[in-house]
Amino acid sequence: MKIKDTLTHNLVEFKPIHSGRINLFVCGPTVYNYIHVGNGRLFVVFDSFARFLREEGYEVFYLQNITDIDDKIFRKASEDGTSWDVVAKKFVGEFLADMKSVGVESVTFYAKATAYIEQIIEQISTLIRKGYAYETNDGVYYDVTKFKDYGKLSGQDLEMTQAGARVEVNEDKRNAADFVLWKKMKPGEPYWDSPWGKGRPGWHIEDTAISEAFFGAEYDIHGGGSDLIFPHHEAEIAQMRAISGKKHLSRYWMHVSMLIMDKEKMSKSLGNIVRLRDAVEKYGPETFRFFVLNSSFDSLLSYSDEAMKAAGETVSRIGESYRKVRSCRGSGPGSGLDFSVRREAFREKLRNGFDTHGALTEVMSTVTEINRTLDRFNSGEVKDALSYFSLVNSIMGILKENLSPSGSRLIENLLKARKEARLAGNYQFSDTIRKILEDSGVSIQDNGPETEWWYS
RNA sequence: GGAUAGGUGGCAGAGUGGUUAUGCGUGGGACUGCAGAUCCCAUCUAUUAGGGUUCGAAUCCCUACCUAUCCUCCA
């Protein structure tokens, strides 16, 4: 298996630290509002990735942090006239609800930052003891000049970056690039006791404290949005490697690119946010997942109503084929389709840098072949096709379970009446029944005198 | 200004030296009482621009222009 690794900018052969086991850490959300479709892209990609790794036979511990202490949460709380912990608690719940609605089910454990304050304090103490960190009037900072590889992941050269390009320069810091590990309490803020007085953790330190607690100093794969490469992931690397003295924090780094909207990035300041839950409600989780997985995770992806509708059409096409296979009797002479070859082709694309788009192209080609030859399927091929769909779905999560049969007597009787009308040539009546059924959410399809139906 | 990734047909989005990507859309055909679904054929004859290397470039090199993310607690 190969991974598109941010650190080396290459497709590299993957080797887990412990044979057969993978420790995966992905940066989760800061819970101060509903997440948008761009965030949703990240979580769908890694959900599918973890499912794939498990399907490949690895035992995967997928760990994700949740930032539940942050200035953005304070601001939201003051806007809403409530307290920070109420905001955090609410949006942790909303986040988990969103994850469930979009079929994200692979995360082993969600770790909230505030539950690991002890570990955070311990890491900061170690950094100070080892000479990497220092205390000022307002906090504890990491001295980036002490860590020679700082900037290596992002290709940043500290000499070249502009200090204070976006933020005010803090005069108490030794270097403009130093980042905060511990923030001393300001009036009205929540706090924990520490060797540096009352305060709270900086953003970067929570991830290494959590990942060390579960995985130790070094683990296999670290994921996140591409906007976190610098400085967040640089900071994580600097923290953990300074503490451990090891060569890596994570052996491999995978970054999911941004979602853009109307040629512009999705951001709150532009007001072009689409909440994940709204998109999922409008198009369905299968369509959203297909939309996301049909592109390379490391490329920009354009979100639009048109693109979502196209994804929806394709998802229906795949689902339709699946539905037909399920109702296929398999009494034909055999189509000659070799599903073991097709399963392997699908897997092979994913093994090649998690090429979900390539894998879905394989699926589309298989769907066409199935549709073309279904009437010749024998019973073994029906089973093989079902297991093919099951494999695809277990990783991608793009099949609608619109199971029908064993339905209501009412529907069966309506269909029976319609069949009689059709046989009698009374098409006006049969079309009226069809209209009633369709208006009631029942799709039907005539195959000669017989009619199939399902809930649409 | 710097770092990093890119600029492919109506849309989305693959393809790292030599065949049609694929899907959606559009047009036509088969099938159907009609429809839908499905299949077949076609369409769009795409590669940001300009140079260069090569027998041959979307793919390699150079220049220009453009886009996205990031540029250091706070966005």
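Chain identifiers are assigned alphabetically (A, B, ...) following the order of the sequence lines, protein sequences preceding nucleic acid strands; residue numbering begins at 1 within each chain. Basis for what follows: all heavy atoms, side chains included, without hydrogens, waters or symmetry-related copies.
Taking atom CD of residue E450(A) and atom P of nucleotide rU38(B), one finds them 21 Å apart after rounding to whole Å. Put simply, CG on D207(A) is 16 Å from C1' on rC73(B), counting in whole angstrom units. Rounded to whole Å, atom P of rA68(B) lies 15 Å from atom CG of D227(A). Whole-Å rounding puts the H204(A) NE2 to rC73(B) C1' distance at 8 Å. Between the CZ atom of F230(A) and the P atom of rA3(B) there is a distance of 13 Å, given to the nearest Å. Across the protein-nucleic acid pair, Y322(A) atom OH and rA37(B) atom C1' stand 18 Å apart, rounded to whole Å. We find that CG of L301(A) is positioned 15 Å from P of rC11(B), with the value rounded to whole Å. If you measure from atom NZ of K152(A) to atom P of rC70(B), you get 24 Å, rounded to the nearest angstrom.
Side-chain nitrogen and oxygen atoms of S299(A) include at least one within less than 4.0 Å of the OP1 or OP2 phosphate oxygen of rA14(B). Phosphate proximity of rA14(B) to S296(A): present, with a side-chain N or O under 4.0 Å from OP1 or OP2. Using a 4.0 Å cut-off, no side-chain N or O of K173(A) falls inside it from OP1 or OP2 of rU72(B).
Partners of M185(A) by side-chain contact (heavy atoms from CB on, under 4.5 Å), not counting sequence neighbours, listed by chain and number: E189(A), Y191(A), K198(A). Applying the ring-ring contact (aromatic ring centres under 6.0 Å, His included) rule to F389(A) yields the partners Y322(A); only residues at least two apart in sequence or on another chain are considered. Scanning for salt bridge (Lys or Arg N to Asp or Glu O under 4.0 Å) contacts around R275(A) gives an empty result, with sequence neighbours left out. Residues passing the ring-ring contact (aromatic ring centres under 6.0 Å, His included) test with F95(A) are F43(A), Y110(A), sequence neighbours excluded. The ring-ring contact (aromatic ring centres under 6.0 Å, His included) test applied to F377(A) returns no partner, not counting sequence neighbours. Under the ring-ring contact (aromatic ring centres under 6.0 Å, His included) criterion, F346(A) pairs with no residue, sequence neighbours left out.
Straight-line distance between the P atoms of rU20(B) and rC11(B): roughly 23 Å, to the nearest whole Å. A gap of 9 Å separates the C1' atoms of rG10(B) and rU26(B), to the nearest Å. Using atom P as the reference point in both rG50(B) and rU43(B), the two lie 26 Å apart (nearest Å). If you take atom P in rG1(B) and the same atom in rU8(B), they sit 24 Å apart, rounded to whole Å. Distance noted for atom C1' between rG25(B) and rC60(B): 35 Å (whole Å). Nucleotides rU63(B) and rG2(B) are separated by 13 Å at their P atoms, to the nearest Å. For the C1' atoms, the distance linking rC39(B) with rA12(B) amounts to 24 Å, nearest Å. Look at the P atom in both rG9(B) and rG33(B): the space between them is 43 Å, to the nearest Å.
Nearer to the 5' terminus of RNA chain B, by closest-nucleotide assignment, is the contact made by D298(A) (compared with the other of V367(A) and D298(A)). Positionally, the nearest nucleotide of RNA chain B for E369(A) lies more toward the 5' end than for the other of E369(A) and V180(A).
Among the protein residues, L374(A) comes within range of no part of the nucleic acid, since none of its heavy atoms lies under 4.0 Å from any strand. When heavy atoms are screened at a 4.0 angstrom cut-off, L300(A) is found touching the sugar-phosphate backbone but no base atom. Among the protein residues, S257(A) comes within range of no part of the nucleic acid, since none of its heavy atoms lies under 4.0 Å from any strand.
When side chains are defined from C-beta on, R376(A) does not count as touching E381(A), because their heavy atoms never get closer than 4.5 Å. Side-chain contact check for K419(A) versus T451(A): every heavy-atom pair is 4.5 Å or farther apart. Counting heavy atoms from C-beta outward, Y150(A) and P231(A) have side chains that approach closer than 4.5 Å.
With R200(A) as the fixed residue, the salt bridge (charged side-chain N to carboxylate O under 4.0 Å, His left out) test singles out one of D193(A), D70(A), D71(A): D71(A).
In this structure, F179(A) has its ring center at least 6.0 angstrom away from the ring center of Y141(A).
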Handout entry: Reading 5' to 3' through nucleotides 30-35 of chain B, protein heavy-atom contacts under 4.0 Å coded B for base, S for sugar-phosphate only, - for none
Key = ---BBB
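Each of rC40(B), rG13(B), rU38(B) was ranked by its minimum atom distance to the side chain of R372(A); first place goes to rC40(B). Of the candidate nucleotides rC73(B), rA37(B), rU38(B), rU38(B) has the atom nearest to the side chain of N371(A).
Applying the salt bridge (charged side-chain N to carboxylate O under 4.0 Å, His left out) definition to pairs two or more places apart or across chains, those involving residues 288-298 of chain A are K4(A)-D298(A), D47(A)-R289(A). Within the structure, the side chain to side chain donor-acceptor pair (under 3.5 Å) test picks out the following pairs touching residues 229-242 of chain A (sequence neighbours left out): D149(A)-R241(A), S154(A)-E234(A), H204(A)-H232(A), D207(A)-H232(A), T208(A)-Q239(A), H222(A)-H233(A), H232(A)-E236(A), H233(A)-H255(A).
If you check the side chains of Y116(A) and N65(A), you find no donor sitting under 3.5 Å from an acceptor. Checked by atom type, the side-chain pair S316(A)/R323(A) shows no donor-acceptor distance below 3.5 Å.
Listed in residue order, the members of residues 125-135 of chain A having a heavy atom less than 4.0 Å from RNA chain B come to none.
Helical stems in RNA chain B, defined as runs of 3 or more consecutive Watson-Crick or G-U wobble pairs with donor-acceptor distances under 3.5 Å: B:1-7 with B:65-71, B:10-12 with B:22-24, B:25-30 with B:38-43, B:48-52 with B:60-64.
A cation-pi contact, defined as under 6.0 Å to the ring centre and within 45° of the axis, links R174(A) to Y134(A).
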Mind listing the N/O atom pairs, protein and nucleotides 22-26 of chain B, below 3.5 Å?
{"unit_1": "rG23(B)", "atom_1": "O2'", "unit_2": "T314(A)", "atom_2": "OG1", "d": "2.4"}

